[in-house]
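As the structure lists them, so they are numbered: ligands from 1, and atoms in each ligand from 1. When reading the values below, keep in mind they use all heavy atoms of this one structure, side chains included, and skip hydrogens, waters and symmetry mates.
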Amino acid sequence: MSAIVIDGRVVARASRDKTAERVREFVRVNGFAPGLATILVGGDPASEVYVRNKRTAAAEAGFVDFHRHLEATASERDVERTIVELAADDTVAGILLQLPLPDGLDRSALIECIPPTKDVDGLTTLSQGRLARGTVGLRPCTPSGIIEMLDFAGIDIAGTNAVVVGRSELVGHPAAELLLRRGATVTISHSQTRDLRSVTSRADILVAAAGIPGLIGAGHVKPGAAVIDVGIHRTENGLVGDVLPEVAEVAGWVTPVPGGVGPMTIATLLSNTIWAAELSIAGGASI
Ligand code: NAD
């Protein structure tokens, strides 16, 4: 058996086209284009690539680019000032603070400087609280992209056993929340989980987000399961994920690396940004 490959580039393309259409409509009605602000602190090479890709995709969809690049030596006050300045600009619909931040900067404190109405990465306490409660709000991009891929593949989430490997604020935990909201029975495994294999092999939907290359092999996977690989690792053989290629012989669906979850993260960032822009014009009514 060989798994169906869920092509993130195809799903992302469709999502980005829809967002571009909404941006055109926004400009037609309001007379200005909404902006996406990306803030990069320091020169982490992977972050530079991610930010560049986000800015290129945003510009292609019709957003105005408000990029700020601060030196690695920037103080917390410098970063805070940058966020506050962007937050005060009515044409900036969304603000994204690229993570990780250089040592010495308090990530949680800085994220809280982003107004919840512009929190297009869904990482503020308010956004995460709304996610936990299931009320309307901006959701983290990568987990939302995972759900969109499952929907695209026609996988009925309700009633499944879903296992998320990883419990980070950025990916694992919110992915588990979203799966729970869609009716899955969810298990979160993490670095202290004993016998990972016995947990993952019960999953109908397995989300691998541990950040460990090749952690998930064929023996971890229930035959026919949908396996979503969030991991991204640069190796001398190119990009690889948390899931070994052999998993495709057992699973029902897999996502490639590259070309799986990564493009969906960007597509969801853009759909979050146009939604934030539309809501801001409507007075931020529901968030
Ligand atoms: P993180 O380091 O913050 O979290 C990793 C999680 O994995 C932790 O909760 C930890 O408890 C768990 N873990 C570690 N070892 C484990 C083990 N042996 N068994 C089970 N769980 C274990 O990482 P993150 O920010 O959540 O990112 C995870 C991966 O996803 C990384 O490779 C990252 O590069 C990638 N990522 C990809 C995208 C994308 O768009 N594709 C977006 C964000 C992150």
**Study point:** Residue and atom name of the nearest protein heavy atom (relative to atom 19 (N) of ligand 1), distance in Å to one decimal
**Key:** His190 O, 3.6 Å
Point to revise | Gly211: numbered ligand 1 atoms lying under 4.0 Å from its heavy atoms | key: 28 (C), 29 (C), 31 (C), 32 (O)
Check your understanding: Please state which protein non-hydrogen atom is closest to atom 36 (N) of ligand 1 and give its distance, to 0.1 Å?
Key -> Val230 O, 3.6 Å
Check your understanding: Do any nitrogen or oxygen atoms of Tyr50 lie less than 3.5 angstrom from nitrogen or oxygen atoms of ligand 1?
Key -> no
Exercise for review: Give the atoms of ligand 1, by number and element, whose distance to some non-hydrogen atom of Ala209 is under 4.0 Å.
Suggested key: 5 (C), 6 (C), 7 (O), 28 (C)
Check your understanding: For ligand 1, which part of His233 has a heavy atom less than 4.0 Å away: the side chain, the backbone, both, or neither?
Key -> side chain
Review point. Under 6.0 Å from the CZ atom of Arg13, do we count more than 12 heavy atoms belonging to anything else shown?
Key: yes
Study note, to complete from the structure: Here the pair of heavy atoms bringing Glu112 nearest to Thr125 is OE2-OG1, 2.6 Å
Check your understanding: In chain order, what residues pass the salt bridge (Lys or Arg N to Asp or Glu O under 4.0 Å) check against Asp65, with sequence neighbours excluded?
Key -> Arg55
Exercise for review: Flag yes if more than 12 heavy atoms outside Asp90 fall under 6.0 Å of its CG atom; otherwise flag no.
Suggested key: no
**Study point:** Over all atoms of both residues, closest heavy-atom pair of Leu239 and Pro258
**Key:** CD1-CB, 3.8 Å
Practice item. Could you tell me whether Glu25 and Lys18 make a salt bridge, using a distance below 4.0 angstrom between a side-chain N and a carboxylate O? Key: no
Point to revise | Between Thr19 and Ser271, a side-chain donor and acceptor under 3.5 Å | key: no
Exercise for review: Mark the output for Glu169 as yes if a heavy-atom distance to ligand 1 is under 4.0 Å, and as no if none is.
Suggested key: no
Check your understanding: Does atom CD of Glu48 have more than 12 heavy-atom neighbours from other groups under 6.0 Å away?
Key -> yes
Check your understanding: Of all the non-hydrogen atoms in the protein, which one sits nearest to atom 2 (O) of ligand 1, and at what distance?
Key -> Ala210 O, 4.7 Å
Practice item. Report yes or no: does a heavy atom of Gly172 sit under 4.0 Å from some atom of ligand 1? Key: no
Study note, to complete from the structure: closest protein heavy atom to atom 42 (C) of ligand 1 is Thr142 OG1, 3.3 Å
Check your understanding: Does Thr193 come within less than 4.0 angstrom of ligand 1, counting non-hydrogen atoms of the residue?
Key -> no
Practice item. Could you tell me whether Thr265 and ligand 1 have an N or O pair separated by under 3.5 Å? Key: yes
**Study point:** atom 18 (N) of ligand 1 [closest protein heavy-atom partner, distance rounded to 0.1 Å]
**Key:** Ile212 CD1, 3.7 Å
Exercise for review: State the atoms of ligand 1, each with its element, that fall below the 4.0 Å cut-off from a heavy-atom position in Gly262.
Suggested key: 40 (O), 41 (N)
**Study point:** For Val165, atoms of ligand 1 separated by under 4.0 Å from a heavy atom
**Key:** 20 (C), 21 (N)
Study note, to complete from the structure: heavy-atom search around atom 9 (O) of ligand 1 in the protein gives Arg167 N, 2.8 Å
**Study point:** Sequence neighbours excluded, every pair satisfying ring pair (Phe, Tyr, Trp, His ring centres under 6.0 Å) that has a member inside residues 8-27
**Key:** Phe26-Phe32
Practice item. Supply the atom-to-atom distance Ile6 CD1 to Thr255 OG1, rounded to the nearest 0.5 angstrom. Key: 6.5 Å
Exercise for review: With heavy atoms of Gly166 as the reference, note each atom of ligand 1 found under 4.0 Å away.
Suggested key: 6 (C), 7 (O), 9 (O), 12 (C)
Review point. Got the closest protein heavy atom to atom 43 (C) of ligand 1, with its distance?
Key: Val171 CG2, 3.7 Å
Check your understanding: Please state which protein non-hydrogen atom is closest to atom 24 (P) of ligand 1 and give its distance, to 0.1 Å?
Key -> Ser168 OG, 3.7 Å
Point to revise | Asp103 atom CG: more than 12 heavy-atom contacts under 6.0 Å | key: no
Check your understanding: For Asn53 and Thr56, does a side-chain donor sit closer than 3.5 Å to a side-chain acceptor?
Key -> no
Practice item. Report the part of Ile232 in contact with ligand 1, treating N, CA, C, O as backbone and CB onward as side chain, heavy atoms under 4.0 Å; options are side chain, backbone, both, neither. Key: both
